[in-house]
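One structure is given below, encoded as structure tokens.
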Amino acid sequence: MTTVSNSKALPVSAVVLFAHGSRDPQWAQPFRAMQEKLSVQRPELSVALAFLELMQPSLPEAVSHLAAAGHVRITIAPLFMAQGA
């Protein structure tokens, strides 16, 4: 299940921050910090985090969850910022 960082009324628009993923759970911390910061800066958006591999939720899971929650506009923002191991 996707964690959406927005506790107010559900916005129509959402953004999914889409990162690569890792076996190391700590690897996701910078991306979770980005998710939180964007949620604060853009309260009109629901902000979710999704991963290409090795971590959950996957991109299809995140998008499905947001769509099922009633979002009609979902933007995907790739966050591939480092070379994999």
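Here, residue 1 is the first one in the sequence, and each next residue gets the next number.
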Between [atom1] on residue [X] and [atom2] on residue [Y], distance to nearest 0.5 Å:
| X | Y | atom1 | atom2 | result |
| --- | --- | --- | --- | --- |
| Thr75 | Phe18 | OG1 | CZ | 14.5 Å |
| Ile76 | Leu59 | CD1 | CG | 4.5 Å |
| Arg42 | Lys37 | CZ | NZ | 14.0 Å |

Where [X] and [Y] come nearest, the two heavy atoms and their spacing:
| X | Y | result |
| --- | --- | --- |
| Met55 | Ala28 | CE-CB, 3.6 Å |
| Val63 | Ile74 | O-CD1, 3.9 Å |
| Leu49 | Pro57 | O-CG, 3.3 Å |

Contact check, side chains of His71 and Ser46, non-hydrogen atoms, under 4.5 Å: yes
Does one hydrophobic cluster hold both Val16 and Leu54, with members joined at side-chain heavy-atom distances below 4.5 Å? no
List in chain and number order the residues that pass side chain to side chain contact (heavy atoms under 4.5 Å, CB included) with Gln29, two or more places apart in sequence or in another chain; answer none if no residue qualifies. Gln26, Arg32
Can you pull out every ring-ring contact (aromatic ring centres under 6.0 Å, His included) where at least one residue sits in residues 29-50? Sequence neighbours excluded, please.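 Qualifying pairs, neighbours excluded: Trp27-Phe31.
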For Arg73, all residues meeting side-chain hydrogen bond (donor to acceptor under 3.5 Å, both in side chains), sequence neighbours excluded: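 Arg73 satisfies side-chain hydrogen bond (donor to acceptor under 3.5 Å, both in side chains) with Ser13 once adjacent residues are dropped.
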